[in-house]
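Structure first, then comments.
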Amino acid sequence: MSALARTVDGAAEADSQQADLPNDSENAAPAGPVLQTGGQRASLGLADLLKHAAEVSGRSLQQVLTEIARLAFGPGKISTDEYFALGLYDDVALAGADKRAFVGVKAARQIWVDVNHRHDWYGFIDDKLAVEAMLRGVGLATTETVALVARGRKRPGLVQIDGRDGLLGFLRNGENFPLFGKPHASLRSYGAASFIAYEATTDSLIGRFGQTVTVEKFADEVMANYADGYLFQRLLSPHEDIARLCGDRIATIRVVTLADEAGPAVLRTAWKIPAGGSVADNYWRGNLLATLDPESGVVTRAVRHSGAIARVAETHPDTGSALVGAVVPHWQAVNEIACDAASLFPGIPLIGWDIAVTPAGPVIVEPNHTPDFILPQIADRRGVLDERLSAAVARGKANAKARKQALKAFDRREGMGRVRQVVKG
């Protein structure tokens, strides 16, 4: 996977429940792999990117290179790829935003560790099935997993798929569809696919847009890549307003929440809107990314990733619908469900949520304790390292230090207690 793919897709992009088979005009079975398990490379090289930055900014190549070096050693540790992905060369578009507040993946890794200092929570939030069960248990709408492919792993209430033969049998049961499949441990929608039906006459699975793949081909790829954990969930349908905007597919809203003494609140949002034949709504695949008004959920700007450069998009390329002025349905409920869910994770103050809006309202697709900062920074054209996040970093470091000292004190007390017991016989 290229560095640029990691940059613009985010360091920890959660799976989005709208992945599908690659779209093609004849709906034929794909000749190559069905499941995409790795990233794509940017179409523009460094020389082209530097030339573009110099032209847009009106500066010399030397000046652009100097700025890249300065930001690389700044608090945000911006890499060269991230500099271009974030458009930090375009002073007009940034409108005076502090470039030192932008955060790259390298700095983000430290922020995640500092803010989410209760590392003992990581195992739980990383378990898709455990989180799904907890969210549903408290009445929050989330995905519904119905079957699990996994060697030596069983979960009550789920269909347990045993090996390739078991997977073939499950897929050949037409009553199980429509389905969405994804790895139990995966990011950026790698390994994901959705199917609306099984066609017995051709022994094929039918994708959302009519694409087909044989059952055996799909099963072989799942077993080759994800035999230790692959989930099948009920396929979600988009809200009618979203379907009119981008077609019959889910467009997830990225909501980053940050909790302090007053509880969780929304830190940043961005709307990932799929387009063309993309197998997922991840931005780097050529999809759209929309800036949202935080109060109303109205789209104020939309861009499309093209060769590592964000280019403004006025209309959706498939439907022709205007992007600016479009509204995320149930916007207030989207924010509320993210904050309500975040309150269930007191040990993880900083969480990134992918939320789908369906006809019944918002549905939590997945949380992540290493939330991507690149997408909201591209959307908002301002850095995430503001006063709120900076305060959370300082608070997390202080809490981690206090926790470490308390554990040391406990160990000393317990240790001395055991010594006294030994001495007393």
Side-chain angles (χ1 to χ4, degrees), residues 9-17 103 105 107-143 184-189 252-272 281-282 292 294 328 331-357 362-377 379-380 384-386 388-397 399-400:
D9 200 26
E13 184 87 0
D15 297 334
S16 299
Q17 215 209 69
V103 170
V105 172
R109 291 193 182 104
Q110 189 60 51
I111 291 174
W112 299 332
V113 171
D114 290 338
V115 178
N116 295 333
H117 64 91
R118 287 291 303 274
H119 304 162
D120 50 314
W121 278 79
Y122 289 5
F124 177 71
I125 198 171
D126 282 338
D127 190 320
K128 291 177 172 62
L129 292 175
V131 170
E132 181 182 284
M134 183 183 71
L135 294 174
R136 183 173 292 107
V138 298
L140 296 178
T142 187
T143 51
H184 182 264
S186 175
L187 301 172
R188 292 177 286 274
S189 295
T252 56
I253 301 97
R254 172 61 51 80
V255 181
V256 180
T257 56
L258 179 63
D260 57 17
E261 293 83 355
V266 174
L267 178 69
R268 291 295 179 86
T269 61
W271 193 8
K272 299 181 292 178
D281 63 7
N282 306 73
L292 298 171
V328 173
W331 176 244
Q332 192 59 40
V334 168
N335 286 266
E336 289 175 357
I337 195 173
C339 291
D340 288 345
S343 67
L344 302 173
F345 297 88
I348 308 178
L350 181 66
I351 303 177
W353 304 89
D354 268 6
I355 299 176
V357 182
V363 174
I364 295 173
V365 173
E366 194 169 278
N368 201 288
H369 62 84
T370 55
D372 164 48
F373 292 143
I374 299 296
L375 291 186
Q377 290 179 133
D380 291 346
V384 296
L385 198 56
D386 56 13
R388 290 173 61 193
L389 186 56
S390 297
V393 170
R395 187 165 55 247
K397 288 181 177 179
N399 289 339

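Residues Pro346 and Trp121 share a closest heavy-atom pair of CD-CH2, 3.4 Å. Of all non-hydrogen atoms in Ala259 and Arg395, the two that sit nearest each other are O-NH2, 3.7 Å. In plain terms, the two heavy atoms of Lys128 and His184 that are nearest each other are NZ-O, 2.8 Å. In plain terms, the two heavy atoms of Arg254 and Asp354 that are nearest each other are NE-OD1, 2.6 Å. Scanning both residues, Thr370 and Asn368, for their nearest heavy atoms gives OG1-OD1, 2.6 Å. Nearest heavy atoms, Leu258 versus Ala392: CD1-CB, 3.8 Å.
Interatomic distance, CZ of Arg118 versus CD1 of Ile348, reported as 9.5 Å (0.5 Å rounding). To the nearest 0.5 Å, atom CG of residue Asn399 and atom NE2 of residue His117 are 4.0 Å apart.
Residues satisfying the side-chain contact (heavy atoms from CB on, under 4.5 Å) criterion with Val363, sequence neighbours excluded, are Ala141, Leu236, Thr358. Listed by chain and number, the residues in a salt bridge (Lys or Arg N to Asp or Glu O under 4.0 Å) with Asp386 amount to none (sequence neighbours excluded).
The shortest distance between side-chain heavy atoms of Met134 and Phe124 falls below 4.5 Å. Here the side chains of Thr257 and Trp353 are in contact, with some heavy-atom distance below 4.5 Å. Inter-residue side-chain proximity for Ile125 and Ile351 is flagged as met; some heavy-atom pair is nearer than 4.5 Å. Counting heavy atoms from C-beta outward, Val384 and Val256 have side chains that stay 4.5 Å or more apart. Put simply, the side chain of Ile111 reaches to within 4.5 Å of the side chain of Leu385, judged on heavy atoms.
With Glu132 as the fixed residue, the side-chain contact (heavy atoms from CB on, under 4.5 Å) test singles out one of Thr143, Val365, Asp127: Thr143.
Classified by interplanar angle (parallel below 30°, tilted 30° to 60°, perpendicular above 60°), the ring pair His119/Tyr122 is tilted. Between Trp112 and Phe373, the ring-plane angle classifies as tilted under the 30° and 60° cut-offs.
Look at Asp260 and Arg388 and you find no salt bridge, because none of the NZ, NE, NH1 or NH2 atoms lies under 4.0 Å from a carboxylate O.
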Stepwise side chain to side chain contact (heavy atoms under 4.5 Å, CB included) test for Leu140 and Leu344:
CA-CA 11 Å; Leu140 296 178; Leu344 302 173; 4.1 Å; yes
Verdict with supporting geometry, Val131 and Ile364, side chain to side chain contact (heavy atoms under 4.5 Å, CB included):
CA-CA 10 Å; Val131 170; Ile364 295 173; over 6 Å; no
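Looking at Lys397, its side chain never comes within 3.5 Å of a backbone N or O of Asp114 through a donor-acceptor pair. Side-chain N or O atoms of Asn335 include one that pairs as donor or acceptor with a backbone N or O of Trp331 at under 3.5 Å.
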Scan the side chains in residues 263-271 for donor-acceptor partners under 3.5 Å anywhere in the protein, sequence neighbours excluded, and list what turns up.
| from | atom 1 | to | atom 2 | distance (Å) |
| --- | --- | --- | --- | --- |
| Arg268 | NH1 | Asp380 | OD2 | 3.4 |
| Arg268 | NH1 | Arg382 | O | 3.3 |
| Arg268 | NH2 | Gly383 | O | 2.6 |
| Trp271 | NE1 | Ala251 | O | 3.1 |

